[in-house]
2 protein chains.
Amino acid sequence: MRPVVTIVVVDDHSLFAQALENLINSFGEFKVLYHVKNGQEFVKKLAHIENVPDLAVIDINMPVMDGVETTRWLKKNYPTVNVIALSMDDDEPTIIRMLRAGARGYLLKDISPTILHDAFKDVIDKGFYYSNCITNHVLTSLHRGKEADHELKDREVEFLKLACTEMTYKEIAGAMCLSPKTIDGYRESLFEKLQIKSRVGLVIYAIKNKIYKPE
Amino acid sequence: MRPVVTIVVVDDHSLFAQALENLINSFGEFKVLYHVKNGQEFVKKLAHIENVPDLAVIDINMPVMDGVETTRWLKKNYPTVNVIALSMDDDEPTIIRMLRAGARGYLLKDISPTILHDAFKDVIDKGFYYSNCITNHVLTSLHRGKEADHELKDREVEFLKLACTEMTYKEIAGAMCLSPKTIDGYRESLFEKLQIKSRVGLVIYAIKNKIYKPE
DNA sequence: ATGAAAAGGGGGATTTTTCCCCTTTAATGT
DNA sequence: ACATTAAAGGGGAAAAATCCCCCTTTTCAT
């Protein structure tokens, strides 16, 4: 008989977190220590060393300190904690970033309790859990190879955020302390990288990739 | 001693629905009959008359048949069912639409189980539950009066959707079988109504108001 | 060390977007 | 019946976005 596996839930929807806590506890083999609203609260809680769990179930879309940041911090400071990412949307870039940050599994919020249970067991016993839909995503991504991995630079991301406002490129140039011509260069190189043709394309890309979050 | 209140949960995140079901049952005074993934499934379930609940907890963002549609249908066909809307975002237009559709309460997913419990009791006993943040929203909306209720016409919504693509206005005009000049008129009137200055403003507005949904 | 990128910037042309003022036709209210 | 308003459309101009080809300086890997 192995000891009870301890778990922490990190999710800003506290109703969901609470409900999930009850569900997990009902499995019997697991014990939820507590749940927190975001990464920052988790960091605070972890200051008390007795609160370190075996497993952390982390939501990706959170204000303050999101899932990717939290996972990265956790892997650096408490590498023994296994991370399972929990998210509503299954967009590929997010999955990749989450796995690179150190997550051992990725689950969508529309799964069944049974699958959740299986995933927990797999991560504890085998060290990982990858559902079919996730492996498909990752495989297609890897298949496309590294030449398509348009990693945006900090400066480009900054520009992208401003491009989602009603500023003209000239105003953006002023805000970034660059010449309008340089901004024009950024724009053109992004059009090429992202395979788009207009500023609307920039906005849509930024929103899909959570570089700009409306509301 | 009153009889047990029966509840149905409608949410496409079945993990959340399941977890919420457990939580609600743990209150003791309520009994969740079943949970479904969307309005269409709810309609099917209701075909068996013995499955009609006292209360329906309905998520707003669902594929297939969303919260507003579901509530409207429910109020027409089963007016005795009380509806509590459950959502992640607290954007005002959505709240207004949901209340107009017939919801008796509006809750955010980041509330505590206690508040959830109170809301259920209020809706059953008093027929409504409005949290502080919601009443603020609604009051500010009502305060702004009816002249600011930019209800968009079908044609404008159609234009707005196309404006979120990489089509030029000329192409949009072609797609909508209108002169480019008419499209220019739509654009200008929307700029006025929505208090914006550029096409980026249109895209952001459309996304915030769920007229265009990226992925 | 040296050639190749990468980062910042310029000139200039073409389209698109944005803006303002104006006309016609059809629907609508009083 | 008549005024009003909404919807579709036009002319024309200024501003912004898009595109293409060019230059310098720095950084960086072989």
Side-chain angles (χ1 to χ4, degrees), chain A residues 93 144-209 211-212 214, chain B residues 93 144-209 211-212 214:
Chain A
R144 280 212 308 270
K146 57 189 69 175
E147 60 267 47
D149 80 330
H150 30 257
E151 284 287 318
L152 300 194
K153 290 147 214 142
D154 289 352
R155 213 71 181 139
E156 285 176 324
V157 170
E158 198 184 334
F159 161 68
L160 208 39
K161 281 180 186 166
L162 293 176
C164 293
T165 70
E166 293 200 310
M167 292 166 101
T168 67
Y169 288 134
K170 203 194 294 183
E171 289 168 337
I172 292 175
M176 289 179 69
C177 297
L178 290 172
S179 149
K181 278 301 178 181
T182 305
I183 290 299
D184 195 38
Y186 280 30
R187 183 193 53 73
E188 206 148 356
S189 99
L190 281 177
F191 276 23
E192 175 67 26
K193 274 194 223 178
L194 309 179
Q195 289 289 293
I196 56 179
K197 298 189 302 294
S198 72
R199 186 157 172 182
V200 172
L202 285 180
V203 175
I204 300 296
Y205 176 88
I207 290 175
K208 277 188 183 171
N209 292 275
I211 287 164
Y212 178 81
Chain B
R144 279 212 309 269
K146 58 190 66 172
E147 60 268 48
D149 81 330
H150 30 258
E151 285 287 318
L152 300 194
K153 290 149 214 143
D154 289 352
R155 214 70 183 141
E156 286 176 324
V157 170
E158 197 184 334
F159 160 69
L160 209 39
K161 281 180 185 165
L162 294 174
C164 293
T165 71
E166 292 199 313
M167 294 166 101
T168 66
Y169 288 134
K170 202 194 294 182
E171 289 167 336
I172 292 175
M176 289 180 71
C177 297
L178 289 171
S179 150
K181 276 301 178 182
T182 306
I183 291 299
D184 195 38
Y186 281 28
R187 182 194 53 72
E188 206 149 356
S189 97
L190 281 177
F191 277 22
E192 173 67 26
K193 275 194 222 179
L194 310 178
Q195 289 289 294
I196 56 179
K197 298 189 301 294
S198 74
R199 185 157 172 182
V200 172
L202 285 180
V203 175
I204 300 296
Y205 176 87
I207 291 175
K208 278 188 184 172
N209 291 276
I211 287 164
Y212 179 79

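Just so it is clear: chains get the letters A, B, ... in the order the sequence lines come, proteins before strands, and each one is counted from 1. For clarity, every value in this text was computed on a predicted model and none was experimentally measured.
- Rounding to the nearest 0.5 Å gives a distance of 8.5 Å between OH of Y186(A) and CD of E158(A).
- Per the geometry, NZ belonging to K193(B) stands 12 Å off C1' belonging to dA7(D), to the nearest Å.
- Residues L202(A) and T182(B) both approach DNA chain D. Their nearest nucleotides, taken by heavy-atom distance, put T182(B) toward the 5′ side.
- The side-chain hydrogen bond (donor to acceptor under 3.5 Å, both in side chains) test with E156(A) singles out one residue from K161(A), R187(A), K193(A), and that residue is K193(A).
- Taking 4.0 angstrom as the limit, S179(B) places a side-chain polar atom (N or O) nearer than this to OP1 or OP2 of dG10(D).
- R199(B) comes within 4.0 angstrom of the backbone, heavy atoms only, and of no base.
- R187(A) has its CZ atom 14 Å from the P atom of dT16(C), to the nearest Å.
- Residue Y186(B) places no side-chain N or O under 4.0 Å from the OP1 or OP2 atom of dA7(D).
- Atom CG in D184(A) sits roughly 15 Å away from atom P in dG12(C) (whole-Å rounding).
- In terms of heavy atoms, L160(B) sits closest to A206(B) at CG-CB, 3.9 Å.
- Put simply, CG on L162(A) and OH on Y212(A) are 10.5 Å apart, with the number rounded to the nearest 0.5 Å.
- Closest to the side chain of K181(A), out of dG10(C), dT18(D), dG8(C), is dG10(C).
- The R155(A) side chain lies nearest to dG8(C) when the options are dT18(D), dG8(C), dC19(C).
- Remark: side-chain polar atoms of E171(A) are paired, donor with acceptor, to backbone N or O of T168(A) under 3.5 angstrom.
- One can place CD of E156(B) at 11 Å from C1' of dA7(D), the figure rounded to the nearest angstrom.
- Here the shortest heavy-atom pairing between K208(B) and P214(A) reads CG-CB, 3.9 Å.
- From I204(B), atom CD1 reaches atom OG1 of T165(A) across 8.5 Å, with rounding to the nearest 0.5 Å.
- Between the CZ atom of F191(A) and the C1' atom of dC19(D) there is a distance of 10 Å, rounded to whole Å.
- The distance between atom CZ of F159(A) and atom P of dG8(C), rounded to the nearest whole Å, is 13 Å.
- Here the P atom of nucleotide dA8(D) and the CD atom of E188(B) are 16 Å apart, to the nearest Å.
- Judged by the 6.0 Å and 45° rule, R155(A) forms no cation-pi pair with F159(A).
- Within residues 162-176 of chain A, no residue has any heavy atom under 4.0 Å from DNA chain C.
- Taking five base pairs at each end of the helix from dA1(C)-dT30(D) to dT30(C)-dA1(D), the local helix axes there meet at an angle of 40°, rounded to 10°.
- Smallest separation of non-hydrogen atoms from K170(A) and P180(A): CG-CG, 4.3 Å.
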